[in-house]
Amino acid sequence: MFSLLCGLLCFCALGSGQPASGQADDGKRYICRAIPLSGDASCPVTLLPELNVGSQEEELRNTVMQLRETILQQKETISKQLGTINELTTKLSLCASATDDRKYDKGGSWGKVKQNTMGDVPRDPNDTIDSLGKTMQGLKDRLENLEQQQMRANVSGASFPSELRDLLQRRLGELEKQLLKKVSNLEEEKSMLSNATAAYRMKTESTLNALVERISELEKGGGDFKSPEQFKLSLPQRTNYLYGRITKSLPEMYAFTLCMWIKSSASPGIGTPFSYGVPGQANEIVLIEWGNNPIELLINDKVAQLPLEVRDGKWHHICISWTTRDGQWEAYQNGVKLGSGDNLAAWHPIKPGGVIILGQEQDVVGGRFDAGQAFVGELSQVNIWDRVLKPVEIQSMANCSSYIPGNVVSWLASNVEVFGRGAFKRPLEMCQERLPNA
């Protein structure tokens with residue numbers, strides 16, 4: 001382009017020069033042209049058309065402006081290509097740095113990668129990372145070579161091959177899609193493995209916690225008793241300050257079974273061996289016998305009379321079951337069902353978060369006891385389930401074939417607190433000795 005400009009300037013100089021000395025200016029312009037020696041010296045010479053100086057300058061100015069615009073367009077194109085190359089180089093550098101971190105962090109868990117690689121992922125994650133690193137490093141080297149070529153092209157005025165840039169961009173896009181897909185698969189497998197591990201860990205921890213709790217209960221309750229459940233609560237006097245309190249509360253229940261061993265000869269009435277009160281309802285569950293009335297079961301202050309007789313000074317195993325469905329209830333004594341009924345607080349759920357008192361009837365939650373309703377006698381193995389037990393289960397406990405602890409409240413020395421001077425926890429007789437015909 002520069003040589004073309006020089007030629008034009010030379011032509012202008014030749015065309016607008018002063019006439020040779022000694023010649024008159026006839027207003028015409030001539031050019032010299034070489035002819036061969038053998039040619040005709042008298043051949044006519046073609047004259048150039050007359051040119052105006054102003055039109056020549058305007059034509060040169062337009063040519064220079066076109067050349068300048070062409071150069072600016074090429075510079076803008078080169079700048080855009082350089083920006084594209086720098087962006088691709090930055091992406092590949094980030095990918096290479098992430099690949100190096102994964103190579104040297106063999107002991108850690110797999111991180112989330114945002115680029116991908118060619119080909120299939122090997123079975124070994126370390127091989128996968130090495131393959132990604134080698135591929136990306138090769139692409140980075142190729143881009144650096146292209147960038148150097150572009151810099152040399154800027155100096156020499158050559159243009160960057162757009163076909164190669166487009167091909168490289170398409171290839172990088174494909175590689176990125178492959179990498180994201182394979183990394184997503186790896187993350188999914190990792191998540192599945194993590195979930196399975198977490199579930200197994202939680203199950204193991206739950207089992208260990210249950211075992212530790214059981215061992216702790218055995219250690220706390222095993223001092224004077226053969227086993228934690230082999231003790232009885234003795235309440236020898238009818239007062240308003242002797243009682244036992246179970247440290248655990250009840251959850252919301254739609255059915256329950258309450259079983260216990262009971263021994264009393266008090267008259268009139270044995271009093272209140274069991275009461276459960278919640279805020280707003282002190283008589284949520286109450287088992288009471290006062291005066292000459294039969295034993296009564298109260299649920300939400302609704303009453304059902306039970307056909308149970310335990311005032312003979314002997315041990316008796318009693319169970320009372322209830323379900324909110326139609327308010328159905330059943331009463332067992334010594335493994336035999338003696339009565340049943342319905343419409344006892346039907347469709348009422350047992351409220352949670354209350355207080356369980358053994359030996360006293362609660363007028364307010366956890367207190368305001370009445371000595372006339374206090375229990376006199378001995379209690380043992382008071383257990384509560386959140387379901388209706390089967391008759392065979394109740395019979396097996398009553399005849400000493402088995403012992404089934406409650407799944408809501410179980411009879412353990414560590415679960416029972418004793419209040420009042422004269423109330424004691426004592427060793428319990430053997431089950432065979434507690435049978436009615438013993």
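Only this structure's heavy atoms are used, side chains among them; waters, hydrogens and symmetry mates stay out.
The shortest distance between side-chain heavy atoms of L298 and I285 does not fall below 4.5 Å. The shortest distance between side-chain heavy atoms of L428 and W315 falls below 4.5 Å. Inter-residue side-chain proximity for P352 and L250 is flagged as unmet; no heavy-atom pair is nearer than 4.5 Å. Taking 4.5 Å as the limit, some side-chain heavy atom of V355 sits within range of a side-chain heavy atom of R245. Under the 4.5 Å side-chain criterion, counting only non-hydrogen atoms from C-beta, V336 is not in contact with Q395. Proximity of I270 to I288: side-chain heavy atoms (C-beta onward) are nowhere separated by under 4.5 Å. Counting heavy atoms from C-beta on, the side chains of Y276 and S249 come closer than 4.5 Å. Within the 4.5 Å cutoff, no side-chain heavy atoms of I384 are placed close to those of T257.
The structure places NZ of K190 at 10.0 Å from CG of L186, a figure rounded to the nearest 0.5 Å. Going from atom CD1 of I295 over to atom CG of L308 covers 5.0 Å, rounded to the nearest 0.5 Å. From I318, atom CD1 reaches atom CG of L258 across 7.0 Å, with rounding to the nearest 0.5 Å.
A donor-acceptor contact shorter than 3.5 Å is absent between the side chain of D326 and the backbone of Q328. Remark: the backbone N or O of N283 is paired with a side-chain donor or acceptor of Q281 at under 3.5 angstrom. Without hydrogens or angle criteria, S184 side chain to L180 main chain gives no donor-acceptor distance under 3.5 Å. Judged purely by atom type and a 3.5 angstrom limit, N334 uses its side chain to pair as donor or acceptor with the backbone of H317. Between the side chain of E188 and the main chain of V183, no donor-acceptor pair closer than 3.5 Å is present. Of the possible polar contacts, one joining the S275 side chain to the Q360 backbone as a donor-acceptor pair under 3.5 Å is found. A side-chain donor-acceptor contact under 3.5 Å links K425 to the backbone of V416. Using modelled atom types, one side-chain atom of Q362 and one backbone atom of G366 make a donor-acceptor pair closer than 3.5 Å. Distance alone, capped at 3.5 Å, is enough to place a donor-acceptor pair between the N415 side chain and the S410 backbone. T324 places a side-chain N or O within 3.5 Å of a backbone atom of H348 that can act as its donor or acceptor partner.
Listed by chain and number, the residues in a side-chain hydrogen bond (donor to acceptor under 3.5 Å, both in side chains) with S267 amount to none (sequence neighbours excluded). Applying the side-chain hydrogen bond (donor to acceptor under 3.5 Å, both in side chains) test to Y243 and every residue at least two apart in sequence or in another chain returns nothing. For A266, the side chain to side chain contact (heavy atoms under 4.5 Å, CB included) partners two or more places apart in sequence, or in a different chain, are R238, S264, V376. Residues forming a side-chain hydrogen bond (donor to acceptor under 3.5 Å, both in side chains) with Y403 (at least two apart in sequence, or on another chain): N383.
For the ring-ring contact (aromatic ring centres under 6.0 Å, His included) with W322, the qualifying choice from W329, F256, Y254 is F256, the only one to do so.
Under a cutoff of 6.0 Å and an axis angle of 45°, R325 and W347 do not form a cation-pi pair.
The pair K337-E330 counts as a salt bridge, with a side-chain nitrogen and a carboxylate oxygen less than 4.0 angstrom apart.
Sorted by first and then second residue, the pairs that involve residues 305-316 and meet salt bridge (Lys or Arg N to Asp or Glu O under 4.0 Å), not counting sequence neighbours, are E289-R311. Sorted by first and then second residue, the salt bridge (Lys or Arg N to Asp or Glu O under 4.0 Å) pairs with a member in residues 370-396 read K232-E378, R387-E393; sequence neighbours excluded.
Nearest approach of F375 to K263, heavy atoms of both residues: CZ-O, 3.9 Å.
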